[in-house]
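Right, one structure below, let's go through it.
Along the sequence shown, residues are numbered consecutively beginning with 1.
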Amino acid sequence: DRARYAAAHARWLVAARPSLRRFRRALREPLAAQECALARILARTAGSEYGRRHGLAAVRSLRDYQERVPIVAPDLLAPDIASMLSGRPGVLTTEPVVAFERTTGTTGGARHVPYTPRLLEELSSALLPWMADTWLRDPALLLGGAYWSVSPMAAARETTASGVPIGFEEDVQYFGALGPA
């Protein structure tokens with residue numbers, strides 16, 4: 001089993017190295033990295049209803065963003081999320097929603113979080129450097145099994161009125177193409 005675990009972890013480690021390099025490079029210039037991240041997000045949201053409402057197409061700097069987009073409690077986004085759950089596209093993002101995840105509602109009732117392909121890529125690009133760093137700091141971890149559970153407890157399969165899944169069928173979907181490994 002050790003050889004099988006080591007091979008699976010090694011595949012992850014090799015796949016994670018580019019993400020780890022990008023992450024370490026971003027650590028050297030965090031402001032520049034965050035400005036690039038903001039630009040990517042704005043590109044996907046400026047044409048949405050929310051983006052038009054806040055004039056995101058005109059944002060040219062972090063300061064512009066801070067002045068145009070208020071900090072809001074999740075409840076204020078509830079009407080937008082409800083529109084998305086009903087199948088209306090382009091509400092908070094111009095990307096298609098591939099799934100909604102129901103939160104556990106720790107601070108005020110359950111909510112639905114929309115997942116887009118890019119959000120899943122971003123989760124994977126954050127997860128890979130973390131995992132690689134963990135393994136590089138303690139290589140003995142490469143020799144054992146690992147179990148990851150990301151989504152809330154299993155529930156009956158649900159979809160929105162428009163057919164978008166609520167929850168992912170399997171946790172591996174959070175991990176991208178390398179998930180099954």
Side-chain angles (χ1 to χ4, degrees), residues 16 19 22-23 26 30 33-59 61-131 134 146-180:
S19 291
R22 281 191 301 275
F23 179 73
Q34 290 301 302
E35 287 172 340
C36 285
L38 178 60
R40 287 191 307 271
I41 292 167
L42 290 172
R44 294 189 308 275
T45 57
S48 69
E49 292 175 25
Y50 189 84
R52 288 189 301 274
R53 200 163 51 228
H54 294 287
L56 297 184
V59 171
S61 68
L62 178 58
R63 175 66 57 205
D64 287 350
Y65 180 80
Q66 292 168 330
E67 290 172 358
R68 290 178 184 272
V69 182
I71 296 172
V72 298
D75 292 342
L76 291 177
L77 294 175
D80 291 323
I81 298 293
S83 291
M84 295 172 79
L85 286 165
S86 73
R88 194 151 119 222
V91 178
L92 293 176
T93 180
T94 57
E95 286 190 290
V97 175
V98 296
F100 287 90
E101 190 68 79
R102 184 179 291 122
T103 67
T104 57
T106 306
T107 61
R111 297 181 183 95
H112 291 89
V113 177
Y115 280 80
T116 63
R118 182 63 186 143
L119 176 58
L120 290 170
E121 287 174 24
E122 289 176 5
L123 286 172
S124 181
S125 72
L127 179 67
L128 287 173
W130 171 62
M131 292 175 68
T134 300
Y147 174 78
W148 297 81
S149 179
V150 180
S151 62
M153 292 191 321
R157 300 295 337 138
E158 291 181 72
T159 60
T160 66
S162 61
V164 176
I166 297 177
F168 288 101
E169 202 166 308
E170 297 185 32
D171 284 346
V172 297
Q173 289 176 274
Y174 288 99
F175 295 92
L178 291 172

If you measure from [atom1] on [X] to [atom2] on [Y], what distance do you get to the nearest 0.5 Å?
X: Arg111; Y: Arg102; atom1: CZ; atom2: CZ; value: 13.5 Å
X: Leu76; Y: Ile71; atom1: CG; atom2: CD1; value: 12.0 Å
X: Arg52; Y: Thr45; atom1: CZ; atom2: OG1; value: 11.0 Å
X: Ser61; Y: Glu67; atom1: OG; atom2: CD; value: 7.0 Å
X: Asp80; Y: Arg53; atom1: CG; atom2: CZ; value: 4.5 Å
X: Asp75; Y: Ile81; atom1: CG; atom2: CD1; value: 11.5 Å

Run the salt bridge (charged side-chain N to carboxylate O under 4.0 Å, His left out) check on Arg118 and Glu121 step by step: do they pass? CA-CA 5 Å; Arg118 182 63 186 143; Glu121 287 174 24; 3.0 Å; yes
List the atom of [X], the atom of [Y], and the distance in Å for their closest heavy-atom pair.
X: Ser19; Y: Pro129; value: O-CG, 3.6 Å
X: Arg68; Y: Ala58; value: NH2-CB, 3.5 Å
X: Gly87; Y: Ser162; value: CA-OG, 3.4 Å
X: Val59; Y: Tyr65; value: CG1-N, 3.7 Å
X: Val98; Y: Pro165; value: O-CD, 3.4 Å
X: Glu49; Y: Pro89; value: OE2-O, 4.3 Å

Are the side chain of Thr94 and the backbone of Arg44 linked by a donor-acceptor contact shorter than 3.5 Å? yes
Audit row: Leu92, Met84, side-chain contact (heavy atoms from CB on, under 4.5 Å) steps and yes/no: CA-CA 8 Å; Leu92 293 176; Met84 295 172 79; 3.7 Å; yes
Evaluate side-chain contact (heavy atoms from CB on, under 4.5 Å) for Leu128 paired with Ser124, printing each intermediate quantity in order. CA-CA 6 Å; Leu128 287 173; Ser124 181; 3.8 Å; yes
Count the heavy atoms belonging to other residues, nucleotides or ligands that lie under 6.0 Å from CZ of Phe23, then report whether that count exceeds 12.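 No - once you tally the heavy atoms of other residues, nucleotides and ligands closer than 6.0 Å, there are 12 at most.
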Does Glu35 CD have over 12 foreign heavy atoms under 6.0 Å away? yes
